[in-house]
2 protein chains.
Amino acid sequence: MDAKNSITQMRRGILEFCIVSLLAEDEIYTAELIDRLKSANLIVTDGTLYPMLNRLQKAKLLQYRWEESESGPPRKYYSLTDPGIAFLEQLDSAWQDMTASVESIRKGTQK
Amino acid sequence: MDAKNSITQMRRGILEFCIVSLLAEDEIYTAELIDRLKSANLIVTDGTLYPMLNRLQKAKLLQYRWEESESGPPRKYYSLTDPGIAFLEQLDSAWQDMTASVESIRKGTQK
DNA sequence: CCCGGTACCTTGCACTGCAAGGTAGCTTGC
DNA sequence: GCAAGCTACCTTGCAGTGCAAGGTACCGGG
């Protein structure tokens, strides 16, 4: 057993929340998403993102439009749908609940 | 796709951290662990905990001793080993880093 | 002596994230 | 005008967690 692996596991499921949060601000395509996440210290590969974006889009939480690039192949710009915004609100609320729970345990105030 | 499922996934990997944190305070056996987690709004079943405790113990992060109960079968009381304490410190640090990252994304201060 | 409660454990499934590999459009250099 | 390289999209197989369901064994009470 390795702390590194446990830490990787600890980030599981957080990723979806981060992506939906970022898309709430802007229309973004995949490589840009990866950059934004990286600058917040969350390293992800595109092999992780493409299936996730497709999944969210099939669930009608995301929509996309094609935009041609000035240099290279066209890009898929994603944004939130209305259900996607509601979904984000639920995740955000769950995030706050969860961090509060963990903090109470972490600080040992919990009896 | 369902928000409920995403929220479940979001808690993945957090559990190990919570258990190690709780064990840092006290010697605890499984049913008591479940109660403590439940009172912090983290619902877990014993089918989840037993494999995890065994895994952590095999990795020498936990140790246990048997204690006979006044009513019922004997209990395994777990506690942290020295490597377990070091492990907890690493997880705690990773937890702080991760929450800071997510907060920066969540609040949209991130550019 | 059996029945319910408690405590331990295992198995099979669903799901995410990652590494590795694959396709195709566009530009640059020869 | 075409080969090489970059960019962008996507798929497949694996590792690992958490859960539901089911199983074993000890103990006390009626």
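A, B, ... follow the sequence lines: proteins, then strands. Residue 1 opens every chain.
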Reading 5' to 3' through nucleotides 23-30 of chain D, protein heavy-atom contacts under 4.0 Å coded B for base, S for sugar-phosphate only, - for none: ---BS---

Same apolar cluster: A:I28 and A:L49, side chain cutoff 4.5 Å: yes

Between C:dG17 (C1') and A:L33 (CG): distance, integer Å: 15 Å

Options D:dA8, C:dC8, D:dT11, nucleotide nearest the side-chain atoms of A:A31: D:dA8

Separation of C:dA7 P from B:L49 CG (nearest whole Å): 14 Å

Between C:dG21 (P) and A:Y50 (OH): distance, integer Å: 18 Å

N/O (side chain, B:T48) to phosphate O (OP1/OP2, D:dC19) under 4.0 Å: yes

N or O in side chain of A:T8 less than 4.0 angstrom from C:dG17 OP1/OP2: no

Atom-to-atom span, CE of B:M10 to C1' of D:dG18 - whole angstrom: 16 Å

Residues A:R11, B:D97; criterion side-chain contact (heavy atoms from CB on, under 4.5 Å); working and verdict: CA-CA 11 Å; A:R11 295 189 341 198; B:D97 289 350; over 6 Å; no

For nucleotides 13-16 of chain D, print each protein N/O atom paired with a nucleotide N/O atom at under 3.5 Å, atom names and distance only.
{"residue": "D:dG16", "atom": "N2", "partner": "A:R12", "partner atom": "NH2", "Å": "3.1"}
{"residue": "D:dG16", "atom": "N2", "partner": "B:R12", "partner atom": "NH2", "Å": "3.4"}

Minimum-distance nucleotide to A:P51 side chain [options: D:dC10, C:dC9, D:dT11]: D:dT11

Sugar-phosphate only, base, or nothing, as touched by B:I43 at under 4.0 Å among non-hydrogen atoms: sugar-phosphate

Reported OG1-to-CE distance for the pair B:T99 and A:M98, which is rounded to 0.5 angstrom: 9.0 Å

Carboxylate-amine/guanidinium contact A:R75 A:E32, below 4.0 Å: no

Expected output: side-chain B:S93 to main-chain B:E89 donor-acceptor under 3.5 Å: no

Reported CD1-to-CG distance for the pair A:I14 and A:L91, which is rounded to 0.5 angstrom: 9.5 Å

Phosphate OP1/OP2 of C:dA7 contacted by B:Y29 side-chain N/O (<4.0 Å): yes

Side-chain (A:T81) to main-chain (A:K60) donor-acceptor, under 3.5 angstrom: yes

Between C:dA7 (P) and B:E67 (CD): distance, integer Å: 12 Å

Taking only N/O atoms, report every protein-nucleotides 28-30 of chain C pair under 3.5 Å with atom names and distance.
none

Intermediate values then yes/no, side-chain contact (heavy atoms from CB on, under 4.5 Å), B:K76 and B:Y78: CA-CA 6 Å; B:K76 264 175 145 174; B:Y78 283 94; 3.8 Å; yes

Between C:dT6 (C1') and B:R75 (CZ): distance, integer Å: 8 Å

Which residue lies more 5' along DNA chain C, comparing B:G47 with A:V44 via nearest heavy atoms: B:G47

Separation of atom CD in B:E16 from atom P in D:dG18, rounded to whole Å: 7 Å

Per A:T45 side chain, nearest of listed nucleotides C:dC8, C:dC18, C:dT10: C:dC18

Gap separating the CD1 atom of A:I43 from the OG1 atom of A:T48, nearest 0.5 angstrom: 11.5 Å

B:Y64 side, atom OH; B:L53 side, atom CG - distance, nearest 0.5 Å: 11.5 Å

CG on B:L80 to CG on B:L56, rounded to 0.5 Å: 9.0 Å

Atom pair distance, as rounded to whole Å: CG in A:L15 and C1' in C:dC18: 11 Å

Distance (rounded to the nearest 0.5 Å) between B:D35 CG and B:Y29 OH: 7.5 Å

